[in-house]
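Accompanying notes for the structure given below.
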Amino acid sequence: MDTKQDAREAYAEVPHVVEELTLEVGRFTVVGDLILPAEGERHPIIVLVWGSGPAGREKVRKPSQLLSIFLKSGFGVFVGDKPGTGASAGDFKAGQLLRERGEILAAEVGHLRGLQKLNQSDIGVYGSSQAAYVIGLALDSGMKIDFLIAVSCPATDSVEQSAYLVEQQLLCEGYERGEAAMARKFFVQRHRARSYSEYLEAAQFLDDNPVVAGDLGWGGVIPESDFTPLEADSEAFYDPSDALAGVGVPVLALFAENDTQVDPQQGAMVYSKAIHSSDSELSRVVTVPGADHNMRVSETGCLKEQRVKYTEAGGAEYASEFLENLENWLFALRADMRGKETS
């Protein structure tokens, strides 16, 4: 069956045109869809940056509220299959996932800037969760973007982010705050340990906890013969906040009030400082009430609630304030772009 025809039918909710693009980035082959509003003009482009786990075009090849908002606001979208998913190929090296994803993102943006059919001066990124590290590393490498939409993006390194997640899930399961805080402390200690005894103390504590070792799958104790302290330049310690501080473009940062995976208060504070260094009056930091990490309506934001609601028909709806803020901001950004084009 014609895959391009499949794509046209899959995105049929909003008028559009679809072109499949293939990029060779080192040992990776990245295949994605360039989706443009069917208006016969040059369009700014949003490059969609996936979070963690397998992800690809199939996630939006169904009625997609996000895709509809992008297209109706006058933006084209590039959505690729993450290597190892769909038509894209290539395996990430151990310990290099984020850096290699950053290289791929920078290559995608560079390729799109070379296409004459696009408005090459207006290319930005939309990323959620793990995408914060990918975008930060791409910016560090010299990638230039014209706007940034960050959704539930951590503004600290992944060790601290995951430690927050551990603490919150224990609270979700009814643990006392003191024990949850201890688990958070030992999660950080396990990763930052410089000696085996320091590591062992933390690892044994975490391995004995059924939520950490069972529900999250983050237990285990390695023998001393296999212990090696993580290097200072390990991806686990990469903090994207420095890259964000110098981004200097319009930013929309959206955080979820009930996020138990990424600290919304800490993230909002860092992004607020970052956008103050931008000259754009469009930049915003918004905390969405009643939403979980994925911007779905949620009472608790706990992973156990997600496991239930995400399997129920109609049980994982986007929070309306998330969609409204995104759409309003994109319309304002597009109007600003058009004003600059005609001035």
Side-chain angles (χ1 to χ4, degrees), residues 3-23 25 30-51 55-82 86-88 104-128 131 134-135 138 143-151 247 249-252 254 280 282 323 325-342:
T3 58
K4 293 184 180 180
Q5 180 63 33
D6 287 348
R8 286 192 292 271
E9 293 174 356
Y11 298 125
E13 184 184 7
V14 179
H16 64 277
V17 292
V18 182
E19 178 182 352
E20 186 174 88
L21 300 179
T22 300
L23 291 74
V25 186
V30 179
V31 183
D33 288 339
L34 177 61
I35 314 161
L36 301 175
E39 295 179 357
E41 63 176 270
R42 298 173 74 194
H43 302 282
I45 298 297
I46 296 169
V47 180
L48 197 153
V49 188
W50 298 113
R57 293 171 289 173
E58 291 303 318
K59 282 196 172 184
V60 294
R61 282 186 170 175
K62 56 187 176 181
S64 168
Q65 290 172 291
L66 292 184
L67 183 61
S68 295
I69 287 173
F70 296 155
L71 295 174
K72 289 177 181 178
S73 303
F75 289 81
V77 184
F78 178 74
V79 51
D81 292 333
K82 188 186 292 186
S88 294
I104 290 171
L105 173 59
E108 289 172 343
V109 171
H111 181 80
L112 292 168
R113 286 202 187 279
L115 296 181
Q116 295 300 315
K117 71 183 73 178
L118 308 182
N119 188 334
Q120 299 163 53
S121 64
D122 294 313
I123 296 178
V125 296
Y126 173 106
S128 61
V134 178
I135 294 167
M143 178 186 71
K144 302 298 182 185
I145 56 175
D146 301 293
F147 58 91
L148 167 64
I149 304 169
V151 179
V247 68
V249 299
V251 175
L252 175 63
L254 293 155
S280 176
L282 290 169
L323 297 175
N325 275 281
L326 177 61
E327 184 169 10
N328 291 340
W329 190 82
L330 283 172
F331 270 104
L333 178 63
R334 189 70 183 106
D336 183 68
M337 290 174 177
R338 287 194 173 104
K340 291 176 181 177
E341 291 168 3
T342 58

Q: Report the distance from atom CG of Leu148 to atom CD1 of Ile46, rounding to the nearest 0.5 Å.
A: 11.0 Å
(Q) A side-chain contact here means heavy atoms from C-beta on lying under 4.5 Å apart; do His111 and Phe78 qualify? (A) no
Q) Any side-chain heavy atom of Pro44 sitting closer than 4.5 Å to one from Asp146? A) no
Q: Taking the side chain as every heavy atom from C-beta outward, state whether Leu326 and Leu66 have any atom pair closer than 4.5 Å.
A: yes
**Q.** Reported CZ-to-CD1 distance for the pair Arg113 and Ile145, which is rounded to 0.5 angstrom
**A.** 9.0 Å
Q) So, do Leu21 and Leu115 sit near enough that their side-chain heavy atoms are less than 4.5 Å apart? A) yes
Q: Tell me, please, which residues at least two apart from Asp81 pass side-chain hydrogen bond (donor to acceptor under 3.5 Å, both in side chains).
A: Arg57
Q: Hey, could you give me the CG/CG distance between Asn325 and Leu254, rounded to the nearest 0.5 Å?
A: 6.0 Å
Q) So, the side chain of Ser88 versus the backbone of Val31: is there a donor-acceptor pair under 3.5 Å, distance only? A) yes
Q. Say you draw a straight line from NZ of Lys144 to CD1 of Ile123; how long is it, rounded to the nearest 0.5 Å?
A. 14.0 Å
Q. Counting only N and O atoms by type, is there a donor-acceptor contact under 3.5 Å from the side chain of Lys72 to the main-chain atoms of Phe331?
A. no
Q. Atom CG of Leu105 and atom CG of Leu48: how far apart are they, to the nearest 0.5 Å?
A. 10.5 Å
Q) Which residue, Val18, Val77, Ile45, forms the side chain to side chain contact (heavy atoms under 4.5 Å, CB included) with Leu36? A) Ile45
(Q) Taking the ring centre of each residue, are Tyr126 and Phe75 less than 6.0 Å apart? (A) no
Q: Grab the two heavy atoms, one from Val49 and one from Val125, that are nearest each other, plus how far apart they are.
A: CG2-CB, 4.1 Å
Q: Kindly give the heavy-atom pair with the smallest separation between Glu327 and Ser73, and that separation in Å.
A: O-OG, 4.2 Å
Q: Could you tell me the separation between the CD atom of Glu20 and the CD1 atom of Ile35, rounded to the nearest 0.5 Å?
A: 11.5 Å
Q: Could you tell me whether the side chain of His43 and the main chain of Pro37 form a donor-acceptor pair under 3.5 Å?
A: yes
Q. Can you name the nearest heavy-atom pair linking Trp50 to Ala131, along with the distance?
A. O-CB, 3.7 Å
Q. Tell me, do Phe70 and Ser64 make a side-chain contact under 4.5 Å, heavy atoms counted?
A. no
Q | Taking every non-hydrogen atom, the tightest pair across Glu108 and Leu23 | A | CA-CD2, 3.7 Å
Q: Determine whether Ile149 and Leu330 make a side-chain contact, defined as any pair of heavy atoms from C-beta on separated by less than 4.5 Å.
A: yes
